[in-house]
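As structure tokens, the structure follows; a few thoughts come after it.
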Amino acid sequence: MADDDYVYDEASGEWISAADAAARADAADAVEVRDSVGNLLADGDQVTLIKDLVVKGAGQTLKRGTLIKSIRLTGDAQEIDCRYDGIKGLVLRAEFVRKR
């Protein structure tokens, strides 16, 4: 589509530019990930564990208060991907973390 193309927006009943329509579609597809107290999480945030978690396959327990740096969102509203010393591919549930 060219920059001067317009499309009809059913929701608002107005003609909007194609670029605005694409931006609205992308925003609608975005998944909001929230921590245990409702704070919005983003890529690169630091989080703290609110509960002791047994890590399956690693033979370790992550203690309450453990700081996890530089999280990545997975596209799932309840899962975050992160790294921790000695544990590769660690995926945590958002309900067990609090944003720092």
Side-chain angles (χ1 to χ4, degrees):
M1 289 186 183
D3 290 336
D4 56 350
D5 287 343
Y6 285 87
V7 294
Y8 185 74
D9 182 29
E10 297 282 335
S12 67
E14 299 176 352
W15 289 91
I16 59 173
S17 70
D20 287 342
R24 286 183 185 180
D26 288 343
D29 292 339
V31 175
E32 285 188 353
V33 180
R34 297 193 178 267
D35 68 358
S36 61
V37 293
N39 295 324
L40 190 62
L41 296 174
D43 286 337
D45 282 347
Q46 294 183 356
V47 295
T48 304
L49 296 180
I50 63 166
K51 178 181 176 181
D52 289 352
L53 299 175
V54 177
V55 181
K56 294 179 182 178
Q60 280 187 336
T61 300
L62 295 177
K63 298 292 182 185
R64 179 179 177 207
T66 301
L67 177 65
I68 306 290
K69 298 179 182 178
S70 188
I71 66 168
R72 289 184 309 278
L73 304 181
T74 62
D76 185 344
Q78 282 300 310
E79 293 182 351
I80 56 173
D81 189 28
C82 51
R83 288 186 182 167
Y84 188 73
D85 295 336
I87 304 173
K88 292 184 179 180
L90 180 62
V91 177
L92 296 174
R93 303 271 304 167
E95 64 192 276
F96 298 125
V97 299
R98 185 182 71 228
K99 186 175 180 176
R100 241 182 105 100

Exercise for the section: Using atom types as modelled and distance alone, determine if a side-chain donor or acceptor of Lys99 lies under 3.5 Å from a backbone N or O of Leu40. Expected result: yes
Handout entry: Main-chain N/O of Val97 paired with Ser36 side-chain donor or acceptor, under 3.5 Å
Key = yes
So which heavy atom on [X] is nearest to which on [Y], and how close?
X: Cys82; Y: Ile71; result: CB-CG2, 4.2 Å
X: Tyr84; Y: Leu67; result: CE1-O, 4.2 Å
X: Val33; Y: Ala94; result: CG1-CB, 4.0 Å
X: Ala21; Y: Val7; result: CB-CG2, 3.5 Å
X: Ala58; Y: Ile87; result: CB-CG1, 4.2 Å
X: Ile16; Y: Arg24; result: CD1-NH1, 3.8 Å

Give, for atom [atom1] of [X] and atom [atom2] of [Y], the distance between the pair rounded to the nearest 0.5 Å.
X: Gln46; Y: Arg98; atom1: CD; atom2: CZ; value: 12.5 Å
X: Trp15; Y: Asp5; atom1: CH2; atom2: CG; value: 11.0 Å
X: Gln60; Y: Asp85; atom1: CD; atom2: CG; value: 9.0 Å
X: Asp76; Y: Asp81; atom1: CG; atom2: CG; value: 11.5 Å
X: Ile68; Y: Arg83; atom1: CD1; atom2: CZ; value: 12.5 Å
X: Lys51; Y: Glu95; atom1: NZ; atom2: CD; value: 8.0 Å

Exercise for the section: Could you walk me through whether Ile80 and Leu73 pass the side-chain contact (heavy atoms from CB on, under 4.5 Å) test, one step at a time? Expected result: CA-CA 5 Å; Ile80 56 173; Leu73 304 181; 3.9 Å; yes
Exercise for the section: Would you sort out whether Asp9 and Asp20 count as a side-chain contact (heavy atoms from CB on, under 4.5 Å), showing the intermediate values? Expected result: CA-CA 10 Å; Asp9 182 29; Asp20 287 342; over 6 Å; no
Exercise for the section: Start with the C-alpha gap between Asp35 and Asp45, add the side-chain angles, then the distance that decides, and say whether side-chain contact (heavy atoms from CB on, under 4.5 Å) holds. Expected result: CA-CA 11 Å; Asp35 68 358; Asp45 282 347; over 6 Å; no
Exercise for the section: Give the C-alpha distance, both sets of side-chain angles, the deciding distance and a yes or no for side-chain contact (heavy atoms from CB on, under 4.5 Å) between Arg64 and Leu49. Expected result: CA-CA 5 Å; Arg64 179 179 177 207; Leu49 296 180; 5.6 Å; no
Problem - Co-membership, hydrophobic cluster, residues Val55 and Leu92, 4.5 Å side-chain - result: yes
Exercise for the section: Answer with yes or no whether the hydrophobic clustering places Ile50 together with Val47; edges join I, L, V, M, F, W, Y residues whose side-chain heavy atoms lie under 4.5 Å apart. Expected result: no
Exercise for the section: Answer yes or no: are there more than 12 heavy-atom neighbours, outside Arg34 itself, under 6.0 Å from its atom CZ? Expected result: yes
